[in-house]
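Contents: one structure, followed by commentary.
Lettering follows sequence order; numbering is per chain, from 1.
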There are 4 protein chains.
Amino acid sequence: MSSVSNDKHTAILDAAYTLFGSGGFYETKMSDVAEQAGIAKGTVYLYFKSKEELFLAVTRRDCEGYLEQLETKLKAQRGLADKLSVIAEHHLFYYYERKQHTKLFFRAPNNNPELVAYMAYFMEQYMQAVVKVLVEGGGSEPELMAQSYIGMLDRLKMDILFDPSFSETDAHKRAQFAASLFIRGAMDNLHPFQGDKLAE
Amino acid sequence: MSSVSNDKHTAILDAAYTLFGSGGFYETKMSDVAEQAGIAKGTVYLYFKSKEELFLAVTRRDCEGYLEQLETKLKAQRGLADKLSVIAEHHLFYYYERKQHTKLFFRAPNNNPELVAYMAYFMEQYMQAVVKVLVEGGGSEPELMAQSYIGMLDRLKMDILFDPSFSETDAHKRAQFAASLFIRGAMDNLHPFQGDKLAE
Amino acid sequence: MSSVSNDKHTAILDAAYTLFGSGGFYETKMSDVAEQAGIAKGTVYLYFKSKEELFLAVTRRDCEGYLEQLETKLKAQRGLADKLSVIAEHHLFYYYERKQHTKLFFRAPNNNPELVAYMAYFMEQYMQAVVKVLVEGGGSEPELMAQSYIGMLDRLKMDILFDPSFSETDAHKRAQFAASLFIRGAMDNLHPFQGDKLAE
Amino acid sequence: MSSVSNDKHTAILDAAYTLFGSGGFYETKMSDVAEQAGIAKGTVYLYFKSKEELFLAVTRRDCEGYLEQLETKLKAQRGLADKLSVIAEHHLFYYYERKQHTKLFFRAPNNNPELVAYMAYFMEQYMQAVVKVLVEGGGSEPELMAQSYIGMLDRLKMDILFDPSFSETDAHKRAQFAASLFIRGAMDNLHPFQGDKLAE
DNA sequence: TATGAATGAGTTTTCATTCAT
DNA sequence: GATGAATGAAAACTCATTCAT
């Protein structure tokens, strides 16, 4: 609880986030993490019992932050269209701001049941957040809809990660594109402007 | 190119596909591949220079098969809606038939530029195949559209991979869901029935 | 020498005795010793320079106690037979009372010259104590005799250590068995009842 | 089964016997064993799955050899006294010839149930071999007698191990000393010359 | 004195790759 | 071509010891 121990804990998570993210789980050595965090190898093990536990902690912190920020942003919006826009922006800008840490989500250790379980839990949470938005807007099959939207966004983020010339403006446009494509597609059972001032 | 050497080449690829796919790159040992292929460890190296090269070859064969089959199926269809349907079915059933080989695409070695390049190439090819369909149907931003569709499908496939109770019928429904959602979303710049006899 | 420091010194020795004894030298961590002693890890090093020194101190205290108690018990006896009996009882009951600490003597660190030297010194002392008894009884080769007796007892103790059902009565019988076997074997050059009131 | 593989297997056992014996289990590195055997580190693991397994194999080979040689020597003797003499000589000369490998029996890894079980098995076998000799000579409590004899010999061997000036003749004398001490001690229930020509 | 966070040397084991047969 | 015994680099993790507080 002391600020010192917290500092180190955070430093390790930050270092691991960077290295796991850019290099992947197997390619990252615990000694690299230690070095990047500016501490000794043994110290990492005072805070995290194993490399897998560290990876899980990094993933958890990242995912929790993702969902919390999304919730906050969604609360500031009234209308369905705005909310879907916010989701798209959040998804794309999250990666935009983390170009370095790309690989985290697809270069994980295999055969770690805890990690698999956590990722499933995260996806469920994310999906439910989207589902909630969709349900407020009315419409059937909200879960499939939510998954479709998330998948769309996840693919559209790829260029952001791999194309160095991708600008913030490009990301904005892409988010708007995704939101309108989805809203149009979902239109017959959604009421896009419900809750918007415009709609009143 | 002799039939004998070809036999072994194929046996190795098959073995590697099974093992990399179910266990992941790092979890699979070259000796396992050799054993599964029914040959000696050293022999693998007569056909593939390294583990990474083998992984790349497996990936390549898999992706090429994916695209070839897709092309064949697309040729049998006239209308845009049917073609988009075929794409969805192909994407979902490809994974449906390969539940065992789940991990191949997201448990690959990092930092292998050749692999990264090939995957980018594959995605480009896949996208262009979809783009071609969309362009025939008319409409703007075909590349973003294609990516959105592919992303949607890629997320919707997840339950297939992880939910053992997922049936063929479920997969069909899901493919149709994706196709209609996308078509509706894309409607203002696409002409869904163009090319269909019905549309004439 | 203050009572406080003495308390901790003793607490550490007690803790180390328990842990080294039941787990062995290599299996026991200094942090375990500290915890068992109810102090901090660093504190152990205020009292003992190293793990090996601690082990040596534990061994020393144990061996000294062994010899001191033996001397006391021997003083209470007059006759040779009684003295040999006391030696057997002491040897066997010492282990009987310390079943938990079995491993201390045969799970020690190697290559520690000081420890090797001390163990040799202890054996010499123990042997001389037995020799003294034998010499009083007359007879040749007292050192070989003493070693034989000690060896006999040391093997006979084994069941005590490893057989949980071994009772105090069993230990008594075994001690008597050893004493008579030895006395009979040594009879031609020993005068078994010399010094006993009965013998006068 | 090929002589080559057998050569290496033996070379590793020999190297391990020397190193474990002189340095102890924990003090011996697998890389030392490999070097001493003149092979690469990894090769050791082709023949023995782990350090513990190697230690067990070394112990087993040694103990089996001990018992086999003892049996052979005992078969060549008729009388009880001669047989007990042979046991003493075997016990002492076994160590005499293996001064370098002393520590094997008392510097073993802890907490290895397989090893503990094997050592118990070995002791039982050894004891039964002695018991068989004693029973042929008649007499009660043969197991305690056997243990006493073995213990005696085990202690008398110590000087052989640690005293570099100990000669073969010394070892002989010591063996004879042990045998006569034991025979005299056991005399009332044993018939020392039974089976000897002299006794007829 | 007492603490316990921090250190980093040290060892087992794995496995891709080689190469003599 | 085919084999599989041999290699040795590489990395996770432990734990005795130190030292700033």
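- Of all nucleotides listed (E/dT1, E/dT14, F/dA16), F/dA16 comes nearest to the side chain of C/Met30.
- Taking CD of C/Gln125 as the reference point, atom CG of C/Leu67 lies at 6.5 Å (rounded to 0.5 Å).
- For the atom pair CG of C/Asp32 and CE of C/Met30, the computed distance is 10.5 Å after rounding to the nearest 0.5 Å.
- In the set E/dA16, F/dA16, E/dT13, F/dA16 carries the atom at the smallest distance from any side-chain atom of C/Tyr45.
- What you find for D/Ala57 and D/Phe48 is that their closest heavy atoms are CB-CE2, 3.6 Å.
- A/Lys51 contributes a side-chain N or O that, together with a main-chain N or O of A/Phe25, makes up a donor-acceptor pair within less than 3.5 Å.
- Taking the six-membered ring where the residue is Trp, C/Tyr121 and C/Tyr118 present tilted rings, their angle falling between 30° and 60°.
- Spacing between atom CZ of C/Phe25 and atom P of F/dC15 amounts to 13 Å, rounded to whole angstrom units.
- Using a 4.5 Å heavy-atom cutoff, the side chains of A/Phe20 and A/Leu54 are in contact.
- If you measure from atom OH of D/Tyr26 to atom P of F/dT14, you get 15 Å, rounded to the nearest angstrom.
- With 3.5 Å as the limit, one finds a donor-acceptor pair spanning the side chains of C/Arg98 and C/Tyr17.
- Atom CD of C/Glu35 and atom C1' of E/dA2 are 17 Å apart (whole Å).
- You'll find that the side chain of B/Lys29 is closest to E/dC15, out of F/dA12, F/dT17, E/dC15.
- Summarising the geometry, the separation between NZ on A/Lys49 and P on F/dC15 is reported as 15 Å, rounded to the nearest angstrom.
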Extract from the structure each pairing of a protein N or O with an N or O of nucleotides 7-9 of chain F at less than 3.5 Å, listing the distance.
residue	atom	partner	partner atom	Å
F/dT7	OP2	D/Ala40	N	2.9
F/dT7	OP2	D/Thr43	OG1	2.4
F/dG8	N7	D/Gly42	N	3.2

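- One atom, NE2 of C/His9, and another, P of E/dA2, lie 13 Å apart when rounded to the nearest Å.
- Note: CD1 (B/Ile12) to C1' (F/dA2) measures 11 Å, nearest angstrom.
- Between the CG atom of A/Leu54 and the P atom of F/dC13 there is a distance of 10 Å, rounded to whole Å.
- A/Thr59 is listed as a side-chain neighbour of A/Met119, based on a closest heavy-atom distance under 4.5 Å.
- Distance, D/Glu53 CD to E/dT14 C1': 16 Å, rounded to whole Å.
- A 4.5 Å side-chain heavy-atom check between D/Asn112 and D/Leu56 finds every atom pair outside the cut-off.
- Each of D/Ser31 and B/Thr28 lies near DNA chain E, and the nucleotide nearest D/Ser31 is the one positioned closer to the 5' end.
- For the strand DNA chain E, secondary-structure stems (runs of at least three Watson-Crick or G-U pairs, all distances below 3.5 Å) span E:2-21 with F:2-21.
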